[in-house]
**Q** 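What follows is a single structure, and I will ask about it in a moment.
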There are 2 protein chains.
Amino acid sequence: MTPSLDTIFAALADPTRRAILVMLLEDDMAVTDVADPFEMSLAAISKHLTILSRAGLISQEKRGRVKWCKLEPDALRDASIWMQSFGQFEAVNLDAFERFLETELSDPPPAND
Amino acid sequence: MTPSLDTIFAALADPTRRAILVMLLEDDMAVTDVADPFEMSLAAISKHLTILSRAGLISQEKRGRVKWCKLEPDALRDASIWMQSFGQFEAVNLDAFERFLETELSDPPPAND
DNA sequence: CCAATCGTCAACTAAATGGTTGAATATGGG
DNA sequence: CCCATATTCAACCATTTAGTTGACGATTGG
């Protein structure tokens, strides 16, 4: 079954989880490596990954004792489509996009004390 | 200040609030009228509207004793832009969009007993 | 003016969320 | 085989969330 919009938007509502998604843009990662830049416990990150997984935003594949996390960008499709209904077609402003991604990459909760 | 992505996505994560946004696509509405199709109390809807308002997704203007709620689609821009970063440019599939909006309009929580 | 309407506030509840720690379960390497 | 590594589980805690009800303040219309 496809995850509900509830689940997808709720998953996206947490800055730690969005930061994880941004990290996974680069490459697939093991759970431990995902957790590394954050100040919270591995167990907490593991929970966040479960939430992202249930939302369909990532997939996790266990190879050996390592569980690899992979971005599943298609899951954003439903949410994206929902948002299009509010006339956001012209939202694809690359300038804004770049500024935004930049703040998201420089700002995020990893080491946010 | 512009509402955070946290606030916007969290606001979108609730089906009642998404249903309210869909209702407001049609036209501006008074709080009481927004509440009408739902089974929950007026106070509950009032709280939902506050959350949508803080997220910048709607604006509220009081004229006389009636408070009018108006969709503010621009607020979705940041969230939309964020999602574009995951390669969703081809997500604007009108077929999927129409199917989706349809289910959202026929399914939603109003009178969901 | 006064009653009815519109909407919020305050106080409360139940459940969900995001975090912790410590133990438990796989798995792999030397 | 055994220890270290990788990850989750279980129990717990504090905070937030979504809802309720009843009282309250503001406004309007007859």
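Each chain gets a letter, A, B and so on, in the order the sequences are listed, and its residues count up from 1.
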**Q** Output yes when at least one side-chain N/O atom of Ser41(A) is less than 4.0 Å from OP1 or OP2 of dT20(C), else no.
**A** yes
**Q** Just how far, in rounded Å, is P of dT8(D) from CH2 of Trp68(A)?
**A** 14 Å
**Q** Check whether any side-chain heavy atom of Leu5(B) sits under 4.5 Å from a side-chain heavy atom of Pro15(A), and report yes or no.
**A** no
**Q** Taking NZ from Lys47(B) and C1' from dA18(D), how many angstroms apart are they, rounded to a whole number?
**A** 7 Å
**Q** Nearest-Å distance, CZ (Arg65(B)) to C1' (dT28(D))?
**A** 4 Å
**Q** Using the closest heavy atom to pick a nucleotide of DNA chain C for each, name whichever of Ala44(A) or Lys62(A) lands nearer the 5' end.
**A** Ala44(A)
**Q** Is any side-chain N or O of Ser46(A) closer than 4.0 Å to OP1 or OP2 of dT7(D)?
**A** no
**Q** Would you confirm whether Arg18(B), through its side chain, and Leu12(B), through its main-chain N or O, come within 3.5 Å as a donor-acceptor pair?
**A** yes
**Q** Would you mind reading off the distance between Asp33(A) atom CG and dT5(D) atom P, rounded to a whole angstrom?
**A** 14 Å
**Q** Between Lys67(B) (NZ) and dG25(D) (P), how many Å, whole number?
**A** 17 Å
**Q** Taking atom P of dG22(D) as reference, at what distance in whole Å does atom CG of Leu42(B) sit?
**A** 15 Å
**Q** Check each of Thr7(B), Asp6(B), Thr2(B) against Ser4(B) using the side-chain hydrogen bond (donor to acceptor under 3.5 Å, both in side chains) test, and report the only one that passes.
**A** Thr7(B)
**Q** Kindly compute the distance separating OG1 (Thr32(A)) from CZ (Arg65(A)), expressed to the nearest 0.5 Å.
**A** 9.5 Å
**Q** Hey, does Arg17(B) reach any base, or is it just sugar-phosphate, or nothing, if we go heavy atoms under 4.0 Å?
**A** sugar-phosphate
**Q** Taking for each residue the nucleotide of DNA chain C with the nearest heavy atom, is it Arg63(A) or Ala10(A) whose nucleotide lies nearer the 5' end?
**A** Ala10(A)
**Q** Just how far, in rounded Å, is C1' of dA18(D) from CZ of Arg54(B)?
**A** 14 Å
**Q** How close or far is atom C1' of dT17(D) from atom CG of Asp14(A), stated in whole angstroms?
**A** 15 Å
